[in-house]
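The figures that follow rest on heavy atoms only: side chains count, while hydrogens, waters and symmetry mates do not. Chain letters run A, B, ... following the sequence lines, proteins first, then strands; residues in each count from 1.
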2 protein chains.
Amino acid sequence: MDIKIPLEDVSLDSVFEKYEAKFKALADKKRLHIMNILTINGSMCVCDIEPIIGMTQSKLSYHLKILLDAGLIEKETKGTWSYYQVNQKELNALLSEQLCCIFKPPGCC
Amino acid sequence: MDIKIPLEDVSLDSVFEKYEAKFKALADKKRLHIMNILTINGSMCVCDIEPIIGMTQSKLSYHLKILLDAGLIEKETKGTWSYYQVNQKELNALLSEQLCCIFKPPGCC
DNA sequence: TTAATATATCAATATAATTTGATTAAGGAG
DNA sequence: CTCCTTAATCAAATTATATTGATATATTAA
């Protein structure tokens with residue numbers, strides 16, 4: 001008796017899961033705003049993003065974690081500060097040239 | 001007395017809202033699967049997608065509507081059948097070349 | 001006309017994501 | 001050490017999404 005293992009389906013399914021996570025992270029205008037702010041300002045600590053975006057610290061931390069877990073931003077800790085910046089490579093692999101403009105300095109397009 | 005209207009912020013905000021809707025539609029592996037099926041098979045009616053994806057009709061209808069409302073797929077009604085297909089132009093504007101492969105015939109890359 | 005099929009929608013439920021305020025942990029400054 | 005700042009996490013409440021099964025509408029077929 002043969003047992004059929006749908007290898008291709010399984011791998012496609014994991015592809016869908018992978019992109020589901022990334023699109024979920026982008027599927028929120030507050031997080032898109034954070035991405036935009038990080039794009040314009042480069043590396044920033046949480047306390048500097050906070051007044052620009054007008055969000056409480058805990059809320060901001062929550063959304064940063066979602067973007068971080070999805071690999072869309074990167075984090076570097078210096079002492080008690082956490083510096084975040086966009087993961088340009090990941091965004092280029094995910095989004096169109098045209099759309100990447102939102103995540104690049106104003107002069108890029 | 002001057003009243004400051006933050007025009008740029010308002011328009012940026014509407015940009016974020018627009019993409020939020022599109023990413024929300026993509027932020028679900030079932031819907032990514034639907035996109036993939038439509039990509040491979042071209043235009044399809046609901047009853048033909050149903051057995052491939054293994055979803056009840058009402059559930060499938062629900063997810064198709066979300067993709068349709070986000071402009072990621074297009075619908076054409078013929079009699080009592082609804083034919084859906086991917087909106088290639090929209091996807092090209094949204095996603096990277098590399099990622100668009102999931103939404104194009106296998107031979108494309 | 002009657003029966004069958006295709007699809008959309010609705011209301012109720014279930015599940016998941018977000019917000020809030022408080023707490024914790026870890027540094028740095030005095 | 002003690003106080004203050006930065007940032008992460010937690011539990012509870014709120015809000016948003018998805019699922020289910022039933023029903024409605026429209027079209028086709030007999």
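Evaluated for a side-chain contact (heavy atoms from CB on, under 4.5 Å) with L94(B), the options L72(B), N87(B), L99(B) yield exactly one hit, L72(B).
When rounded to the nearest whole Å, the span between NZ of K24(A) and P of dT17(D) equals 12 Å. In this structure, L60(B) atom CG and dT19(D) atom P are separated by 11 Å, rounded to whole Å. Atom C1' of nucleotide dT28(D) and atom NZ of K78(B) are separated by 16 Å, given to the nearest angstrom. Here the C1' atom of nucleotide dT15(D) and the NZ atom of K59(A) are 12 Å apart, to the nearest Å. Atom NZ in K65(A) sits about 13 Å away from atom P in dT18(C), given to the nearest Å. Atom CG of L64(B) and atom C1' of dA8(C) are 11 Å apart (whole Å). Taking atom CD on E50(A) and atom P on dT5(D), their separation rounds to 13 Å, with Å as the unit. Taking atom NE2 on H63(A) and atom P on dT9(D), their separation rounds to 15 Å, with Å as the unit.
Residue Y83(B) is classed as having no contact, given no heavy-atom separation below 4.0 Å to the nucleic acid. Within 4.0 Å of K75(B), counting heavy atoms only, lie sugar-phosphate atoms of the nucleic acid but no base atom. Counting non-hydrogen atoms under 4.0 angstrom, S82(B) reaches the backbone sugars and phosphates but no base.
Using a 4.0 Å cut-off, no side-chain N or O of Y62(A) falls inside it from OP1 or OP2 of dG21(C). The phosphate of dA6(C) has neither OP1 nor OP2 within less than 4.0 Å of any side-chain N or O from Y84(B).
Looking at T80(B), its side chain has no donor and acceptor atom pair within 3.5 Å of the base of dT27(D). Side chain S58(A) to base dG21(C): a donor-acceptor pair is found below 3.5 Å. If you check distances only, the side chain of Q57(B) does reach the base of dA8(C) with a donor-acceptor pair under 3.5 Å.
Along DNA chain C, the nucleotide closest to K30(A) and the one closest to W81(A) are compared, and the more 5′ of them pairs with K30(A).
Distance from the side chain of I66(A) is smallest to dT18(C) among dT18(C), dA18(D), dT6(D).
The existence of a salt bridge linking E90(B) and K22(B) is confirmed by a sub-4.0 Å separation between a basic side-chain nitrogen and an acidic carboxylate oxygen.
A cation-pi contact, defined as under 6.0 Å to the ring centre and within 45° of the axis, links K78(A) to Y83(A).
A distance of 8.5 Å separates NZ of K29(A) from NZ of K24(B), quoted to the nearest 0.5 Å. The distance from atom CG of L12(B) to atom NE2 of H33(A), rounded to the nearest 0.5 Å, is 7.0 Å.
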